[in-house]
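One structure is given here, and the rest of the page talks about it.
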Amino acid sequence: MKKRVSLVAPFYNESGNVLEFFRRIAAVADSMPQYEFEVIAVNDGSRDQTWAELLEARTRFPGVHLVDLSRNFGKEAALTAGLDRAHGDAVVPIDSDLQHPPEVLEQMLAQWELGAEVVLAQRTDRVTDGKLQKLSATSFYRFHNRISNIQVPMDVGDFRLMDRRVVEALRQMPENHRFMKGLFAWVGFRTVTVPYIHSNRGAGTSSFNFWKLWNLALEGITSFSTAPLKIWTYLGLGVSALALLYATIIVLKTIVSGVDVPGYASLMAGIMFIGGVQLIGIGVLGEYVGRIYHEVKRRPVYLVREEHCNERINDAR
Ligand code: UDP
Ligand code: MG
């Protein structure tokens with residue numbers, strides 16, 4: 001019995017990359033005939049020709065399992081849809097924009113055969129990123145790892161090989177808000193890292209702009225840490241202590257040297273500062289309450305419009 005390897009690829013407006021993606025995967029599958037490969041391609045509500053191209057690709061590579069989501073649910077949901085359908089003994093999420101070279105699979109599978117349950121592909125370069133992108137990524141990981149119980153490794157994305165056991169563990173996670181990097185780290189398991197070079201995108205542009213990344217960062221922090229909630233207790237204690245000290249000083253000063261009317265500036269400064277601090281506190285609270293609200297509704301993570309599945313990629317050809 002050959003071991004089966006599932007590749008899970010989310011597609012969002014990837015028209016132009018589809019055929020090339022399958023060509024690369026098929027070449028890699030051919031070079032490793034000791035495994036049976038299956039590809040689960042999830043179309044995440046693309047607005048361009050991606051779905052048509054996927055259907056077209058399926059006539060050439062009939063082993064592909066196609067899933068069409070009813071709208072754009074986001075990469076994390078698309079990955080979840082793919083993981084739910086992956087049957088492999090090893091499962092590898094991979095970007096469909098050709099930034100994750102499928103050739104790295106060979107090293108990943110070798111590590112897996114040696115007993116690793118998770119093989120992380122770690123990018124050894126960030127040449128395709130701008131300075132600001134680099135800085136924001138670094139600061140996010142630092143901040144996240146400092147305040148969370150789980151450690152998300154740097155320069156590691158969703159590109160990783162997972163043993164069946166790890167996938168089953170992931171599928172047991174019931175949450176709707178799925179910060180995949182965090183969930184991957186949360187489940188643990190024996191992990192090794194292999195280096196890879198992050199390629200430039202094939203066709204198209206990245207769909208993660210600054211605002212999306214900021215929200216993803218918030219998602220990551222609120223999913224795995226309550227430190228932003230707790231900090232207000234200590235901040236409140238600190239501000240109250242200072243206020244008490246200052247109150248004592250001005251009361252004593254008034255008793256000693258009589259009523260001192262001026263104080264407009266310090267009064268305004270105090271009111272505005274405390275008001276601002278309170279608003280920030282309420283905002284942080286809101287981030288969590290909003291997430292609780294979404295979570296308790298228990299809506300499905302994704303909805304499927306259409307699905308085509310059959311055998312694996314290399315015994316169909
Ligand atoms: N993607 C998706 N749904 C989205 C956004 C992105 O399925 O809403 C997919 C996209 O097709 C690609 C992967 O997620 O395969 C990574 O997206 P992208 O290349 O835009 O992000 P970046 O590589 O810049 O982080
Ligand atoms: Mg990309």
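Both counts, for ligands and for their atoms, begin at 1 and track the order of listing.
- For atom 16 (C) of ligand 1, the closest heavy atom belonging to the protein is D95 OD2, 3.3 Å.
- Heavy-atom proximity to E14, at under 4.0 Å, picks out these atoms of ligand 1: 10 (C), 11 (O), 12 (C), 15 (O).
- Atom 1 (N) of ligand 1 has as its closest protein heavy atom Y12 CB, 3.6 Å.
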| task | Could you give me the CA-CA distance, side-chain angles and deciding distance for Y302 and D84, then say whether side chain to side chain donor-acceptor pair (under 3.5 Å) is met? | result | CA-CA 11 Å; Y302 57 85; D84 285 346; 2.6 Å; yes
| query | Could you walk me through whether T50 and E14 pass the side chain to side chain donor-acceptor pair (under 3.5 Å) check? | reply | CA-CA 6 Å; T50 303; E14 298 292 358; over 6 Å; no
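- Among protein heavy atoms, the minimum distance from atom 3 (N) of ligand 1 is reached at D44 OD2, 2.6 Å.
- Using a 3.5 Å distance cut-off with no hydrogens or angles, the side chains of T193 and Q122 do not pair a donor with an acceptor.
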| request: Go through the steps for N13 and R47 under the test side chain to side chain donor-acceptor pair (under 3.5 Å), then give the verdict. | output: CA-CA 6 Å; N13 295 345; R47 274 182 278 268; 5.4 Å; no
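- R291 and T222 share a side-chain donor-acceptor pair at under 3.5 Å.
- For atom 22 (P) of ligand 1, the nearest protein heavy atom (residue, atom name, distance) is S206 OG, 3.7 Å.
- With hydrogens left out, the protein atom closest to atom 5 (C) of ligand 1 is S207 OG, 3.2 Å, a heavy atom.
- Taking the N/O/S atoms of D97 in turn, the shortest distance to the Mg ion (ligand 2) belongs to OD2.
- Looking only at protein heavy atoms, the nearest one to atom 7 (O) of ligand 1 is P10 CB, 3.2 Å.
- Those atoms of ligand 1 that come under 4.0 Å of a heavy atom in N72, given as number and element, are 3 (N), 4 (C), 8 (O).
- Under the side chain to side chain contact (heavy atoms under 4.5 Å, CB included) rule, P10 has a single partner from L79, D97, I94, D44, which is L79.
- Side-chain contact, R298 with N176: a donor N or O sits under 3.5 Å from an acceptor N or O.
- For atom 19 (O) of ligand 1, the closest non-hydrogen atom of the protein is D97 OD2, 2.5 Å.
- Regarding atom 21 (O) of ligand 1, its nearest protein heavy-atom neighbour is F208 CD1, 3.2 Å.
- Of the candidates L242, L244, I250, T248, I250 is the only one forming a side chain to side chain contact (heavy atoms under 4.5 Å, CB included) with Y246.
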